[in-house]
> 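First, the structure itself, so that you have it in front of you.
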Amino acid sequence: MKRIGNLYNKVISVENLREADEKARKGKTNTYGVKVHDKNREANILALHEALLTKTFKTSPYDVFTIFEPKERLIFRLPYYPDRIVHHAVMNVLEPIWVRTFTHNTFSCVKGRGIEGCARHIDKIIEKYKGKPLYCLKIDITKYYPSINHEVLKKIVRRKIKDKDLLWLLDEIIDSAEGLPIGNYLSQYLANLFLCYFMHRVNEVLKLDAAEYADDITFFSSSKEQLREAFKEIRKMIEDELKLKIKGNYQIFPIAANRYDKHGRALDYVGYKFYRNQKLIRKSIKKNFCHTVSRLNRRTPLLDAKAYKQAVAPWLGWAKHSDSKHLLKTIIKPCYYDSIL
C-alpha cells in the first residue's frame, strides 16, 4: 500500500487555513467564537500558520458537557479559533485520501452516503437474496468513541500517511483526550478509519455482505452457520486486534418478510425497520414525528405550507423512503398533504 508524504505544508498554508476558516464558520457566523475571531481574523490566521510552522500549536482545553438525546453521551467542544479551523484545514487535505481508503459499505459521516446511502445499500442486499434464505448478524461496539486505543489508531493512521510533520499534528490532536472525543470534526473521520481495514477484511477475506454505520455493523448471509463461524473471526479482529469490546446483545436472526411474519424479525437499523418486502420507520422516530405533526395541526392560525414542511422536514425523509404512505395520509392535514410531498 502506497503511503503518502509531503502533506503538512499544504495543511498549514495560509490559503488552506483561510479556506478552513470559511468552511468551519458555515451556519455559525453569529456564534460567540466566530465573532471574537473576526475581530482580528487575518492576524489570527497568520498567527495560527506560525504556530503550526514552528510546531508550538497545542489543542485547547475542552468544554465538556452531557447530552441525553437520543441517548446519554459526553460531548467535547473546542473553541472555534484555533482548533476547529485546524481540524478543517487537516480534513481539506486528508478527506479525499481517507475516503478513498474507506470501503464502499462505510456510511457514517461520508459525503454522499450517510443514513440514506446506508438504507439504499441494505435494500440492495435484501433484493440480492430474493428467493433465498436471509440471515443477519448485528453487532454493536461498547462505548466506541471513548474506547478507541490511541496506539492502535496511530498505527492505522500510519498505514496511509508518512509525512512526519503531519503525523506530529495528528498525534497531538489524538492524544488531547481519552479515546476519540465526540464532537470533534476530525473524530468522525478517525472513527471510520479505525474500522476501515477491518471492513476490508470482511469484504475481501470473509466475503460477507455487510454495512457499517459508526459502531453499528451488520453482516448478511443465506446461512446462519456461516455467520456463526464468521463471528468468531469478527470478534477476534475487533477485540484482540482493535482492543474494542462487542456488546453482549449481538444477534443472528432471519429477516422476516413483513411485520406479520412470525418466522423472522425486522432489522432495526439507521432509523428504519427493514423487512424483506417492507420498510418502516423505527417506532421511536415515528412517535416523535406523530407528536410534532399533532402539535402543528392544532396551531391557530395555521402555518403556511412552506413553514409546515420545514417543521416536519427532519422526519419527512424517513417517511418518503419507507412504506409510510398510509401514515402520512393519516397524520398530515389534507390542506398540506399535496404541497409537502
Side-chain angles (χ1 to χ4, degrees), residues 7-52 57-65 67 69-70 73-102 106-118 145 166 169-170 172-174 176-177 180-193 213-214 270-271 306-307 309-318:
L7 297 170
Y8 191 63
N9 287 337
K10 295 178 184 178
V11 170
I12 71 169
S13 70
V14 173
E15 293 76 15
N16 187 49
L17 293 175
R18 288 191 185 118
E19 183 183 345
D21 185 14
E22 289 297 328
K23 287 185 177 180
R25 68 176 51 233
K26 284 182 180 177
K28 301 179 180 69
T29 51
N30 290 321
T31 60
Y32 175 77
V34 175
K35 288 180 178 179
V36 171
H37 166 60
D38 282 351
K39 291 177 181 178
N40 297 287
R41 188 175 181 183
E42 187 61 21
N44 285 342
I45 294 295
L46 294 175
L48 179 55
H49 168 72
E50 184 65 21
L52 292 167
F57 170 82
K58 193 165 183 64
T59 298
S60 304
Y62 287 92
D63 175 21
V64 182
F65 58 96
I67 63 169
E69 290 292 338
R73 286 194 182 109
L74 207 59
I75 303 297
F76 293 73
R77 182 167 55 198
L78 284 168
Y80 177 80
Y81 175 85
D83 302 271
R84 296 191 201 178
I85 295 174
V86 168
H87 288 203
H88 277 269
V90 169
M91 290 314 304
N92 283 349
V93 175
L94 288 186
E95 182 177 4
I97 295 170
W98 281 347
V99 169
R100 284 196 300 269
T101 307
F102 299 159
T106 295
F107 294 95
S108 175
C109 305
V110 180
K111 290 175 184 174
R113 300 189 194 180
I115 286 175
E116 282 311 317
C118 187
Y145 274 67
L166 181 53
L169 178 58
L170 291 172
E172 205 287 326
I173 294 170
I174 289 169
S176 65
L180 278 181
I182 299 173
N184 268 7
Y185 179 56
L186 199 55
S187 289
Q188 55 197 13
Y189 289 92
L190 290 171
N192 280 344
L193 188 69
Y213 196 90
V270 294
K306 184 178 179 181
K309 186 174 183 177
Q310 285 177 337
V312 300
W315 298 276
L316 211 51
W318 272 298

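Computed from heavy atoms alone, side chains included, the values below leave out hydrogens, waters and symmetry copies. Note that the numbering runs from 1 along the sequence shown for the chain.
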> Indicate the atoms forming the closest heavy-atom contact of P314 with Q310, along with that distance.
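What the structure gives for the nearest pair is CD-O, 4.0 Å.
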> In sequence, state the C-alpha distance, the side-chain angles, and the governing distance for E19 and K23, and then conclude on salt bridge (Lys or Arg N to Asp or Glu O under 4.0 Å).
CA-CA 6 Å; E19 183 183 345; K23 287 185 177 180; 3.5 Å; yes
> Once you round to the nearest 0.5 Å, how far does CD1 of I85 lie from CG of N44?
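Separation between the atoms: 7.5 Å.
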> So which heavy atom on E22 is nearest to which on R25, and how close?
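Smallest heavy-atom distance, with atoms named: O-CG, 3.2 Å.
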> What verdict does the side chain to side chain contact (heavy atoms under 4.5 Å, CB included) test give for T106 and R113, after you've listed the backbone C-alpha separation in whole Å, the side-chain angles of each residue and the deciding distance to 0.1 Å?
CA-CA 8 Å; T106 295; R113 300 189 194 180; 4.3 Å; yes
> Given 3.5 Å as the limit, does a donor-acceptor pair link the side chain of E172 with the main chain of K58, or not?
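Such a contact is absent between E172 side chain and K58 backbone.
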> If I compare all heavy atoms of W318 with all of G271, which pair ends up nearest, and what's the gap?
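Closest pair (atom of W318, atom of G271, distance): NE1-CA, 3.7 Å.
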> Looking at every heavy atom in both L78 and P61, which two are closest together, and how far apart are they?
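Looking at all heavy atoms of both residues, the closest pair is CD2-O, 4.1 Å.
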> Would you find a donor on one side and an acceptor on the other, under 3.5 Å apart, between the side chain of N16 and the backbone of A89?
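Indeed, once roles are kept as given, a pair shorter than 3.5 Å links the two residues.
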> If every non-hydrogen atom of H37 is compared with every non-hydrogen atom of Y81, which pair is closest and at what distance?
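For H37 versus Y81, the nearest heavy atoms are ND1-CD1, 3.7 Å.
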> Do R77 side-chain atoms and G183 backbone N/O form a donor-acceptor pair below 3.5 Å?
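Not a single qualifying donor-acceptor pair exists.
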> Under the side chain to side chain contact (heavy atoms under 4.5 Å, CB included) criterion, do V110 and F102 qualify, and how do the steps go?
CA-CA 9 Å; V110 180; F102 299 159; 4.0 Å; yes
> Roughly how far, to the nearest 0.5 Å, is the CD1 atom of I12 from the CG atom of L48?
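One gets 9.5 Å once the value is rounded to the nearest 0.5 Å.
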> Could you walk me through whether L170 and L186 pass side chain to side chain contact (heavy atoms under 4.5 Å, CB included), step by step?
CA-CA 9 Å; L170 291 172; L186 199 55; 4.2 Å; yes
> Working to the nearest 0.5 Å, report the span between CG of N184 and CG of L190.
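The distance works out to 9.0 Å.
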> Let me confirm one number: the CD1-CE distance from I97 to M91, rounded to the nearest 0.5 Å.
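I97 CD1 to M91 CE: 9.5 Å, rounded to 0.5 Å.
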> Working to the nearest 0.5 Å, report the span between CZ of F107 and CD of E116.
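Reported value, rounded in 0.5 Å steps: 11.5 Å.
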> Any donor and acceptor pair, going by atom type alone, linking the side chain of S187 with main-chain N or O of I182 inside 3.5 Å?
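Flag not set: sc S187 to bb I182 has no pair under 3.5 Å.
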> Main chain of G114, side chain of Y213: is a donor-acceptor contact present, judged purely on distance under 3.5 Å?
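Checked: no pair found.
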> Hey, is the main chain of I45 close enough, under 3.5 Å, to the side chain of R18 for a donor-acceptor pair?
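No, the answer is negative, given that no donor and acceptor are paired below the 3.5 Å cut-off.
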> So, N192 side chain and S108 main chain: donor-acceptor pair closer than 3.5 Å or not?
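Side chain of N192 to backbone of S108, a donor-acceptor pair under 3.5 Å: yes, one is there.
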> With sequence neighbours left out, write down each residue that passes ring pair (Phe, Tyr, Trp, His ring centres under 6.0 Å) with Y185, or none if nothing qualifies.
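Per chain and number, Y185 pairs via ring pair (Phe, Tyr, Trp, His ring centres under 6.0 Å) with H88, Y189.
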> Would you say that L166 contacts V93 through its side chain, given a criterion of any heavy-atom pair below 4.5 Å between the two side chains?
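Counting from C-beta outward, L166 and V93 never come under 4.5 Å.
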> Would you give the length of the straight line joining atom CD1 of I173 to atom CZ of F57, rounded to the nearest 0.5 angstrom?
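Interatomic distance, I173 CD1 to F57 CZ, rounded to 0.5 Å: 5.5 Å.
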> Over all heavy atoms of both residues, which pair between D83 and S60 is shortest? Give the atoms and the distance, please.
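Answer, listing the atom of D83 first, then S60: OD2-OG, 2.5 Å.
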